[in-house]
Colleague: 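One structure is given below, represented as structure tokens, and several questions about it will come after.
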Amino acid sequence: MGDLLKIKGGKPLQGQIKAGGAKNAMTKLLVASLLSDKKCTFYNVPNIGDVEITVNLCREIGSEINWDKKNHTLDIVTHELKTSYVPQRYSGSNRIPILMIGALMGRTDEDIIVPTLGGDMLGSRPVDLHIHALQKLGAKIEYRDMKKEGAYLAHAHHGLKGAVLSLNYPSVGATENTILAAVRAKGTTLIKNAAIEPEIIDLILFLQKLGANIMVDVDRTICIQHADQFHEVEHTIMTDRNEVASYAMCALSTKGRVFIEGAEHLQMIAFLNKIREIGGGFKIKQNGIEFFYDGKLKGGVHIETDVHPGFMTDWQQPFAVLLTQANGTSVIHETVYENRFGYASTLKEMGADIELFTQCLGGKSCRFASGDHHHSLVVKGPSTLHGKEITIPDLRAGFAYVMAALLAPEISTISNVEYLDRGYEDLVGKLIALGADITRVSQPKKHIDKTKNAIQNLLTIDKTLASV
Ligand code: UD1
């Protein structure tokens with residue numbers, strides 16, 4: 001059993017915090033650094049579990065890494081690959097191991113072995129778009145049962161060759177994997193219908209410094225030219241837009257006022273539009289954004305999650321909590337993941353008025369229209385939320401629960417805190433700085449010895465949304 005959070009809510013959050021570097025950028029840039037043998041220095045590196053996991057994985061592959069956690073800097077250099085085998089224990093850890101195929105294929109003739117649990121390429125945790133795109137570049141990829149577990153074996157013995165390909169859906173991971181492979185593929189690669197999330201742009205900025213030539217067109221086409229001359233890189237990680245949105249919503253729902261240093265306006269446009277629509281206050285300042293309660297929050301909004309530049313799917317869980325405090329009935333239509341409302345039942349038990357629907361509600365019909373997935377949510381507010389014992393199922397739902405607990409006047413006890421550690425640096429410290437009544441209760445030493453390292457344990461958990 002891991003640590004617990006105890007939260008007594010009901011206080012407005014007030015003050016200032018600094019947002020850290022983006023989890024979804026830093027983890028990918030570590031993998032991208034494996035493309036060359038040059039030293040890469042990163043600034044604004046978040047001290048979070050997912051970076052820890054990726055650092056361990058890169059060390060396993062042969063990287064030398066010097067991570068100064070106090071100063072949030074990290075150097076990585078991979079003179080040569082020690083192995084191209086990603087051990088089984090990383091299989092359920094996050095979406096990073098699959099990116100090793102794209103990053104390593106141009107660097108080694110050996111088979112790249114990336115494990116996966118479940119073993120179905122097209123199953124509930126699909127990587128079909130990754131595989132098809134890499135195959136277009138000439139990769140040979142097959143699925144094998146290895147040591148009773150599934151693994152992908154990939155190689156490009158005859159080298160990778162640039163190609164024109166189109167993704168059926170602008171998947172973030174598949175776009176990243178294809179870009180990584182394309183950098184060392186001969187010729188030019190065009191990825192049509194590519195994802196253009198800000199974290200992908202950060203990856204492209206990094207790769208350009210490393211020596212790649214990459215263009216992003218306005219029609220979701222990314223053009224990558226072959227590169228073989230690489231350089232040392234210094235790169236500052238973009239701010240985590242999920243962390244910014246998370247604390248912003250805490251400020252508004254608790255009727256408080258929080259300045260988030262480092263918040264970048266450009267990454268938050270879709271989010272800020274919705275905050276304005278519900279009557280939330282914000283002010284863009286020179287080095288961050290201030291969020292403040294500006295009178296009663298208005299419900300009656302329709303939110304549709306989408307790929308960038310749309311409203312991000314990772315924002316919808318805490319936004320549902322925010323809407324429990326707004327006057328009126330609102331709809332959230334999740335179009336990116338078919339099953340991302342698992343947290344709704346716990347919020348209902350806390351007093352939220354929420355119903356789930358399988359239909360596409362409120363807007364366009366999405367690719368989940370004909371399935372029986374509960375992918376639309378109707379929330380009526382305002383509601384009074386009550387404290388509860390809660391177990392966190394995944395990172396983003398976890399933050400939604402913390403936010404709900406911050407609204408409930410009773411004490412809530414939250415377990416599986418390690419999920420939050422994977423994406424939020426110093427969550428408790430930051431919330432205390434904002435005046436929250438929150439404590440982290442460490443479990444007795446013998447439990448810690450037994451579990452050794454909670455993050456290592458999580459490496460074996462295979463849940464579709466555990467890490468996204
Ligand atoms: C990344 C982010 C996650 C974010 C998501 C969408 C990281 C570590 N995680 O996840 O926080 O919510 O982008 O912005 O960066 N799909 C397929 N086949 C594939 C790949 C994906 O069908 O081969 C589907 C997925 O099941 C999902 C959708 O495409 O329904 C989006 O997935 P994708 O964009 O790939 O998300 P991730 O890269 O996993």
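One-based numbering, in listed order, for ligands and for the atoms of each. Positions are given from 1, in the same order as the sequence printed here.
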Colleague: Taking Lys69 first and then Glu52, would you say they form a salt bridge - that is, a charged N and a carboxylate O separated by under 4.0 Å?
Modeller: yes

Colleague: With no hydrogens and no angle check, just 3.5 Å: does a side-chain donor-acceptor pair link His375 and His373?
Modeller: no

Colleague: Backbone, side chain, both or neither: what part of Thr313 comes under 4.0 angstrom of ligand 1, heavy atoms only?
Modeller: side chain

Colleague: With respect to Leu129, determine whether any N or O atom, backbone or side chain, lies less than 3.5 Å from an N or O atom of ligand 1.
Modeller: yes

Colleague: Applying salt bridge (charged side-chain N to carboxylate O under 4.0 Å, His left out), can you list everything that pairs with Lys18, at least two apart in sequence or on another chain?
Modeller: none

Colleague: Got an N/O contact under 3.5 Å between Val172 and ligand 1?
Modeller: yes

Colleague: Under 4.0 Å from a heavy atom of Gly173: give me the atoms of ligand 1 that qualify, with their elements.
Modeller: 35 (O), 38 (O)

Colleague: Determine whether the side chain, the backbone, both or neither of Arg340 has a heavy atom under 4.0 Å from any heavy atom of ligand 1.
Modeller: side chain

Colleague: What residues, two or more places apart in sequence or in another chain, satisfy salt bridge (charged side-chain N to carboxylate O under 4.0 Å, His left out) together with Glu261?
Modeller: none

Colleague: Checking contacts here: is it the side chain or the backbone of Arg367 that comes within 4.0 Å of ligand 1, counting heavy atoms only? Could be both or neither.
Modeller: side chain

Colleague: Could you pull out, from Asn242, Asp314, Thr54, the option with a heavy atom nearest to atom 4 (C) of ligand 1?
Modeller: Asp314

Colleague: Does Asp240 reach the main-chain N or O of Asn242 with its side chain, forming a donor-acceptor pair under 3.5 Å?
Modeller: yes

Colleague: With only distance considered, is Glu338 within less than 3.5 Å of ligand 1 through an N or O on each side?
Modeller: no

Colleague: Could you list the atoms of ligand 1 found under 4.0 angstrom from a heavy atom of Val127?
Modeller: 19 (C), 23 (O)

Colleague: Report, in ascending order of atom number, the atoms of ligand 1 lying under 4.0 Å from any heavy atom of Val336.
Modeller: 27 (C), 28 (C), 30 (O), 31 (C)

Colleague: Report yes or no: do Arg367 and Thr335 form a side-chain donor-acceptor pair below 3.5 Å?
Modeller: no

Colleague: Side chain, backbone, both or neither: which part of Arg95 comes within less than 4.0 Å of ligand 1 when only heavy atoms are counted?
Modeller: side chain

Colleague: Do any nitrogen or oxygen atoms of Asn24 lie less than 3.5 angstrom from nitrogen or oxygen atoms of ligand 1?
Modeller: yes

Colleague: Against heavy atoms of Tyr169, which atoms of ligand 1 measure under 4.0 Å?
Modeller: 28 (C), 29 (O), 31 (C)

Colleague: Between the side chain of Gln359 and the main-chain N/O of Ala369, is any donor-acceptor distance below 3.5 Å?
Modeller: no

Colleague: Establish, from distance only, whether the side-chain atoms of Ser84 and Glu110 form a donor-acceptor pair under 3.5 Å.
Modeller: no

Colleague: Among side-chain atoms of Glu264 and Thr239, is any donor-acceptor pair under 3.5 angstrom?
Modeller: yes

Colleague: Could you establish whether Met26 and ligand 1 come within less than 4.0 Å of each other, counting only heavy atoms on the residue side?
Modeller: no

Colleague: Does atom NE2 (His157) have a neighbourhood of more than 12 heavy atoms from anything else shown, all under 6.0 Å?
Modeller: yes

Colleague: Run the contact test for Lys28 against ligand 1 with a 4.0 Å cut-off on heavy atoms, strictly below, and give the result.
Modeller: yes

